[in-house]
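Report on one structure; see the data block that follows.
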Amino acid sequence: MPKITYVAADGAETTVDVAVGLTIMDGSVRNNVPGIVAECGGGCSCATCHVHIDRQWREHFAEPTDEETELLEFADDYCDDSRLSCQLVVSDACDGMRVRIPDSEN
């Protein structure tokens, strides 16, 4: 299983195994990683699973949909590296990936 490291806004890191086919959000929720709320349960309708991913990992995921992009534009700490973790499906190529969880208190 790919290992994904979640980096909280305070710098705390949590590394978990996430099964191929699950999303980055699923990995967080199933392992009680703090910071990803996932209010809509992965329905791409709330942006409470907002993360930042480094450019080197972008090629491993589908391009964001218009719906995802619109939600992200209203998220706290939005930047070019922003994605909704519910839309990022894990593959074997994701092993070693690090995702940063923005500070939702901004």
Side-chain angles (χ1 to χ4, degrees):
M1 262 192 272
K3 290 193 181 304
I4 308 291
T5 299
Y6 298 83
V7 182
D10 67 1
E13 296 185 8
T14 305
T15 301
V16 298
D17 293 322
V18 181
V20 170
L22 293 180
T23 64
I24 298 292
M25 182 208 75
D26 291 327
S28 171
V29 171
R30 290 176 183 215
N31 291 283
N32 299 313
V33 176
I36 295 179
V37 178
E39 283 183 8
C40 73
C44 193
S45 64
C46 71
T48 60
C49 67
H50 175 211
V51 296
H52 295 157
I53 62 169
D54 292 332
R55 295 179 194 277
Q56 71 198 51
W57 297 102
R58 289 183 190 175
E59 68 187 51
H60 301 296
F61 302 104
E63 290 293 316
T65 63
D66 290 341
E67 180 180 27
E68 179 182 358
T69 301
E70 288 174 18
L71 284 167
L72 284 168
E73 288 173 355
F74 295 100
D76 291 338
D77 206 13
Y78 171 74
C79 68
D80 289 341
D81 295 334
S82 292
R83 290 296 306 265
L84 296 182
S85 60
C86 68
Q87 300 302 295
L88 304 175
V89 179
V90 173
S91 68
D92 285 324
C94 295
D95 189 41
M97 181 179 183
R98 298 168 57 85
V99 298
R100 291 171 279 116
I101 303 169
D103 186 354
S104 62
E105 300 298 315
N106 284 343

Is the side chain of [X] donor-acceptor paired with the backbone N or O of [Y] at a distance under 3.5 Å, no angle test?
X: Glu68; Y: Leu84; value: yes
X: Thr48; Y: Ala38; value: yes
X: Tyr78; Y: Leu71; value: no
X: Ser45; Y: Cys40; value: no

message: Under 4.5 Å side-chain heavy-atom separation, chaining through any Ile, Leu, Val, Met, Phe, Trp or Tyr, what else clusters with Val7? Say none if it is isolated.
response: none
message: In the structure I gave you, are the side-chain heavy atoms of Val99 and Ser85 within less than 4.5 Å of one another anywhere?
response: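 Val99 does not reach Ser85 side chain to side chain.
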- request: State, with a plain yes or no, whether a side-chain heavy atom of Pro64 is found less than 4.5 Å away from one of Gln87.
  value: no
field: Trace of the side chain to side chain contact (heavy atoms under 4.5 Å, CB included) decision for Val18 with Val16
entry: CA-CA 6 Å; Val18 181; Val16 298; 3.8 Å; yes
Between [X] and [Y], which heavy-atom pair has the shortest distance, and what is it?
X: Val20; Y: Ser91; answer: CG2-C, 4.0 Å
X: Ile4; Y: Cys94; answer: CD1-O, 3.5 Å
X: Gly35; Y: Ile101; answer: O-CG2, 3.6 Å
X: Cys49; Y: Cys86; answer: SG-N, 3.4 Å

Shared ILVMFWY cluster between [X] and [Y], side chains joined below 4.5 angstrom?
X: Met97; Y: Val89; answer: no
X: Val33; Y: Ile53; answer: yes
X: Met25; Y: Leu72; answer: no

query: Residues in side chain to side chain donor-acceptor pair (under 3.5 Å) with Asp95, at least two apart?
result: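 If we apply the side chain to side chain donor-acceptor pair (under 3.5 Å) test to Asp95, skipping adjacent residues, there are no hits.
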message: Strictly by ring-ring contact (aromatic ring centres under 6.0 Å, His included), give each pair with a member in residues 12-62 just once, sequence neighbours left out.
response: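 Checked against ring-ring contact (aromatic ring centres under 6.0 Å, His included) - neighbours excluded - the pairs reaching residues 12-62 are His50-His52, Trp57-His60.
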query: Given Tyr6 and Val51, is the side chain to side chain contact (heavy atoms under 4.5 Å, CB included) satisfied, shown in steps?
result: CA-CA 9 Å; Tyr6 298 83; Val51 296; 5.7 Å; no
message: Give me each pair satisfying side-chain hydrogen bond (donor to acceptor under 3.5 Å, both in side chains) with a member in residues 18-37, each pair once, sequence neighbours excluded.
response: Thr23-Asp26
Salt bridge (charged side-chain N to carboxylate O under 4.0 Å, His left out) contacts in which one or both residues fall within residues 6-19, not counting sequence neighbours: Lys3-Asp17, Glu13-Arg98
field: Pair listing, salt bridge (charged side-chain N to carboxylate O under 4.0 Å, His left out) test, anchored in residues 43-54, at least two apart
entry: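 Pairs touching residues 43-54 that pass the test: Asp54-Arg100.
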query: Do other residues, nucleotides or ligands put more than 12 heavy atoms under 6.0 Å from the CD atom of Glu73?
result: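 Yes, enclosed.
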